[in-house]
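Step one of this worksheet: look at the structure below.
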Protein chains: 2
Amino acid sequence: MAVTIKDIAKKVGVSPSTVSRVINGNAVISEETKKKIVSVMEELDYHPNSLARNLANGNAYAVGLVIDAQDEHTFSNAFFNRSVYAIETVAQNHGYNLLITNDRDMAGTSAVEKLVLEKKVDGIILPTSSVTVKLVKLLKDNNFPFVVLGEPRIDGKDVSWVDINNEMGSEIAVKHLKENGYKRVSILVENRKTVFARNRIEGYVKSVKAYGLAYSEEYIVDCGTEMERISSIIKDMLVRDNPPDAFLCSNNMIAYQVLKELKSQNISVPREIGLVTFDNYPIAEYMDPPLTVVDVDTFSLGEQAASTLLNKIRRVEQGNQQIAISPSLIERDSSKRGK
Amino acid sequence: MAVTIKDIAKKVGVSPSTVSRVINGNAVISEETKKKIVSVMEELDYHPNSLARNLANGNAYAVGLVIDAQDEHTFSNAFFNRSVYAIETVAQNHGYNLLITNDRDMAGTSAVEKLVLEKKVDGIILPTSSVTVKLVKLLKDNNFPFVVLGEPRIDGKDVSWVDINNEMGSEIAVKHLKENGYKRVSILVENRKTVFARNRIEGYVKSVKAYGLAYSEEYIVDCGTEMERISSIIKDMLVRDNPPDAFLCSNNMIAYQVLKELKSQNISVPREIGLVTFDNYPIAEYMDPPLTVVDVDTFSLGEQAASTLLNKIRRVEQGNQQIAISPSLIERDSSKRGK
DNA sequence: GCAATTCGTGCAAACGATTGCATAAAGGAG
DNA sequence: CTCCTTTATGCAATCGTTTGCACGAATTGC
C-alpha cells in the first residue's frame with residue numbers, strides 16, 4: 001500500500017493529527033515540527049489520498065458537466081471545446097475536478113440524479129435540454145448547487161444560468177446590415193421552438209423595427225437543417241415580391257447553403273445580397289466571400305458558468321445569477337456593401 | 001445529514017453489514033430480510049454515499065481523460081465530441097465516471113500526476129502529446145492503468161494505444177483515385193513531424209508505388225495551416241512539369257482551400273483534378289462538388305480506448321494492445337471521374 | 001441421531017484522512 | 001511564586017462503507 005499520513009507521523013514521531021494539520025495549514029504548528037514533517041513527506045514521496053480526504057470532508061471536490069449527446073447542433077462542437085476548457089480551468093484553480101456525464105437513463109434514475117444523490121460531485125452544470133421540473137425540484141430540495149448553460153425554458157427566474165445574449169446578437173447583426181444599406185433582412189433559424197431561436201428572432205424583430213427596415217412575418221423562417229429544404233426556401237423567397245436583400249443565418253451550415261444557392265443563381269454577395277451568420281467556425285473566414293459572423297466568446301461562457309457554480313458550492317451569497325454573454329460582430333466581406 | 005446504511009440497519013433491525021451485503025449482492029441473504037431491507041431503503045430514499053464506498057474499496061470509480069487544449073487541430077472538435085461520448089458511455093456502463101483534465105502544470109506536479117498519485121482516478125487515457133518519458137515511468141512504476149490515444153512517438157511497443165489506421169486511410173484513398181483514372185496524386189499534410197502525418201505519407205508512398213502511379217518527392221507537401229500558403233503552394237505545383245492530377249488532403253480545411261484555388265483557376269473538379277480528404281466534417285458533404293472523404297469512426301476510437309483501459313483496471317490480462325481503427329472511404333463527387 | 005456442512009447474520013476492524021476537545025508546557029500578569 | 005492565558009500537540013471519534021472472521025441455526029449425509 002501507498003504511504004499514508006500515519007507512516008509520516010510514525011517516522012517523525014508525532015501524531016497523525018499533527019501531520020494533517022501541517023498539510024492543511026489550518027492550525028499553529030511549530031516551525032520545527034513543520035519542517036521535519038515536510039521533509040519526511042518528501043522523503044517518503046507522500047501524496048494525500050483524496051478518497052479518504054473526500055470522505056472526511058464530505059466533499060467530492062468535483063463538479064459535474066452534463067452534456068447532451070443528442071443535441072449536436074445547439075451545443076455544437078466548437079462551443080463544447082472552449083467552454084469545457086474554461087470550466088475545467090476554473091474548477092481546477094479552485095481545487096475541483098471536472099466530471100463529465102451524459103444524461104442517460106439507467107434503471108430508473110438518470111445519470112445526473114445518481115451523481116447528485118451519491119455525492120459524486122459537489123455541484124453541476126446542466127444544458128437547458130436536461131432541465132426538467134423533476135430534476136430542478138430534486139436539486140432545490142437538496143440545496144444542491146447547479147447552473148444552467150443556456151436560458152432554460154422553464155423556471156428562468158428561479159435558477160442561475162449563463163447564456164449567450166442572443167437578442168443582442170441579432171441586434172448587432174441587423175444594425176450592421178442596415179449600416180451597409182440593406183433594407184429587407186430575413187432571419188433563418190433552425191428550430192423556432194428553441195429558446196435561443198426565439199431570442200434571436202426577438203432581437204431581430206426589435207431592431208428591424210427600430211431601424212425602420214422592412215418587416216414581414218415572411219422574413220422569419222424556420223428552415224430546419226436539411227440542406228435541400230434550405231435551398232428551396234431561398235429559391236421561393238427570391239421570386240416573391242419584395243425579396244430579402246440580406247440574410248441573417250442562425251448557423252454556419254445554413255449560411256453555407258444560402259451562399260451556395262445564391263452563387264448558383266449568380267447573385268452577388270455582398271453586392272446584391274448581404275449575409276451574416278451566427279457562430280464563427282474556422283471555415284467561415286475562408287468562404288468566398290468570407291462571412292461576417294456574430295461571434296461568441298465561448299471560453300467566457302464556460303468561465304462564468306463555472307465561477308457562478310463554485311460560488312454556490314462555497315456558499316457565497318449571490319442569489320440567482322442570470323448572465324448573458326455579449327457577442328461581437330466580426331465584419332468580413334459577405335455583408336460589406338459600404339453604404 | 002443524509003440517510004445512511006446504519007439508519008436502514010436500525011430500522012430493519014439488522015446490522016449494517018447485512019445491509020451492505022444486500023446492496024452489493026455479494027453474499028447469501030435470506031429472501032425475507034433482503035425484501036425488508038430493500039423496502040426500507042426505498043422508504044427512506046437511501047442512496048449509497050460514493051465517497052465512503054470509494055474509500056472502503058480503494059477505488060475512485062473514475063477514469064481520467066487528458067485533453068490537450070493547445071492541440072486544437074490534431075484533436076479536432078469532431079474527434080473530441082464523439083470519442084468523449086464513447087469513452088463516457090463505456091465507462092458508465094462499467095460503473096465508472098469520466099473525469100476530464102487539462103495537462104497543465106501546477107506547482108511542480110502536473111495535473112495528470114496529481115490525478116494518479118492522489119488516486120482520483122483508477123486509470124487514464126492520454127493523448128500522445130502528453131506522453132513523456134517521465135509520465136510513462138511514473139505510471140509504470142505505480143502499475144497504473146493507462147491507454148494512449150494516438151500512436152505515441154516514444155515507447156510505441158511498450159504501451160497500449162488506440163489510433164486511426166492512417167496508413168490504411170491513405171491506401172484506400174490512393175486506390176480509389178487510381179481506380180478513377182488519376183495518375184499523379186499529391187498528398188498535402190499539415191505537419192510532417194507528427195506521427196499521423198508520417199503514417200499517412202507512408203501509406204501513400206506504399207500504395208502509389210504498388211499501383212504504379214507517378215512518384216516524386218515533390219508530390220509530398222507539408223503545407224502548414226496558413227491558407228494563403230496553401231494557395232500559393234497549389235499555384236506553384238500546377239505550373240511545374242507533371243503537375244498533380246489529384247490531391248489527397250490531410251484535413252477538410254486544406255481541401256477547402258485547394259478547392260477554392262482550383263475554382264479560381266477554373267479547373268474542374270473532379271474532371272481535371274480529383275480531390276480526397278481525411279476527416280468527414282459536416283460541411284464536406286455540402287461543398288461543391290461534395291468531397292470524397294476518408295472517414296473515421298471516432299466513436300469506435302473512444303470505445304476501444306475505454307474498453308482497453310477498463311480491462312486494465314480490472315486486471316484482465318491482455319498485454320499491451322495496439323489498436324488501429326480502420327477508416328472507410330465515403331465516395332462523393334470530388335473524385336469521381338469514372339475510369 | 002450425531003458429526004459435518006452450509007446458510008444467514010453480526011462484530012469489529014479496516015480504508016486514510018479530519019477535527020473537537022483535552023492537556024502539557026511555556027509565557028505573562030500581578 | 002501562583003494563576004491564567006496562550007501555544008503546540010495528542011487522543012479518539014467520525015465520515016459511511018466494506019469485509020474477514022466467528023458463530024448459532026438449519027440442513028445434509030450416513
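Within every chain, numbering begins at 1; the chains are lettered A, B, ... in the order of the sequence lines, protein sequences first and strands thereafter.
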- Query: From the list C/dG16, C/dT19, C/dT9, which nucleotide is the closest neighbour of the side chain of B/Ile29?
  - Reply: C/dT9
- Message: Can you list everything that forms a salt bridge (Lys or Arg N to Asp or Glu O under 4.0 Å) with A/Lys6? Sequence neighbours excluded, please.
- Response: none
- Only counting residues at least two apart or in another chain, list the ones meeting salt bridge (Lys or Arg N to Asp or Glu O under 4.0 Å) with B/Asp45. none
- Task: Report the residues that fulfil side-chain hydrogen bond (donor to acceptor under 3.5 Å, both in side chains) with A/Thr308, sequence neighbours left out, ordered by chain and then residue number.
- Result: none
What is the distance from [atom1] of [X] to [atom2] of [N], rounded to the nearest Å?
{"X": "B/Leu51", "N": "C/dC15", "atom1": "CG", "atom2": "C1'", "answer": "13 Å"}
{"X": "A/Lys119", "N": "D/dT17", "atom1": "NZ", "atom2": "C1'", "answer": "14 Å"}
{"X": "A/Tyr61", "N": "C/dA17", "atom1": "OH", "atom2": "C1'", "answer": "11 Å"}
{"X": "A/Asp7", "N": "C/dC15", "atom1": "CG", "atom2": "P", "answer": "11 Å"}
{"X": "B/Asn49", "N": "D/dT18", "atom1": "CG", "atom2": "P", "answer": "10 Å"}
{"X": "B/Ile5", "N": "C/dG10", "atom1": "CD1", "atom2": "C1'", "answer": "14 Å"}
{"X": "B/Leu55", "N": "D/dT17", "atom1": "CG", "atom2": "P", "answer": "12 Å"}

- Tell me the salt bridge (Lys or Arg N to Asp or Glu O under 4.0 Å) pairs involving residues 20-31 of chain A, sequence neighbours left out? A/Glu31-A/Lys34
- Message: For a quick check of understanding: with a heavy-atom distance under 4.0 Å over all strands, which category does B/Lys6 fall into, base, sugar-phosphate or nothing?
- Response: base
Roughly how far apart are [X] [atom1] and [Y] [atom2], rounded to 0.5 Å?
{"X": "B/Ile8", "Y": "B/Ser20", "atom1": "CD1", "atom2": "OG", "value": "12.0 Å"}
{"X": "B/Leu310", "Y": "B/Asn93", "atom1": "CG", "atom2": "CG", "value": "9.5 Å"}
{"X": "B/Leu98", "Y": "A/Leu99", "atom1": "CG", "atom2": "CG", "value": "7.0 Å"}

- Sorted by number, residues from residues 8-27 of chain A placing a heavy atom under 4.0 Å from DNA chain C are A/Ser17, A/Ser20, A/Arg21, A/Asn24, A/Asn26
- Task: Residues of residues 30-47 of chain A with any non-hydrogen atom less than 4.0 angstrom from an atom of DNA chain D: list those, numerically ordered, please.
- Result: A/Ser30, A/Thr33
- Message: Side chains of B/Thr101 and A/Glu88 only: does a donor on one sit below 3.5 Å from an acceptor on the other?
- Response: yes
- Message: Please determine whether a side-chain nitrogen or oxygen atom of A/Asn57 lies at a distance below 4.0 Å from atom OP1 or OP2 of C/dT19.
- Response: yes
- Please report the C-alpha distance between A/Lys312 and A/Asn320 in whole Å, then the side-chain angles of each, then the deciding distance to 0.1 Å, and finally whether the side-chain hydrogen bond (donor to acceptor under 3.5 Å, both in side chains) criterion is met. CA-CA 9 Å; A/Lys312 289 196 174 225; A/Asn320 280 322; 3.2 Å; yes
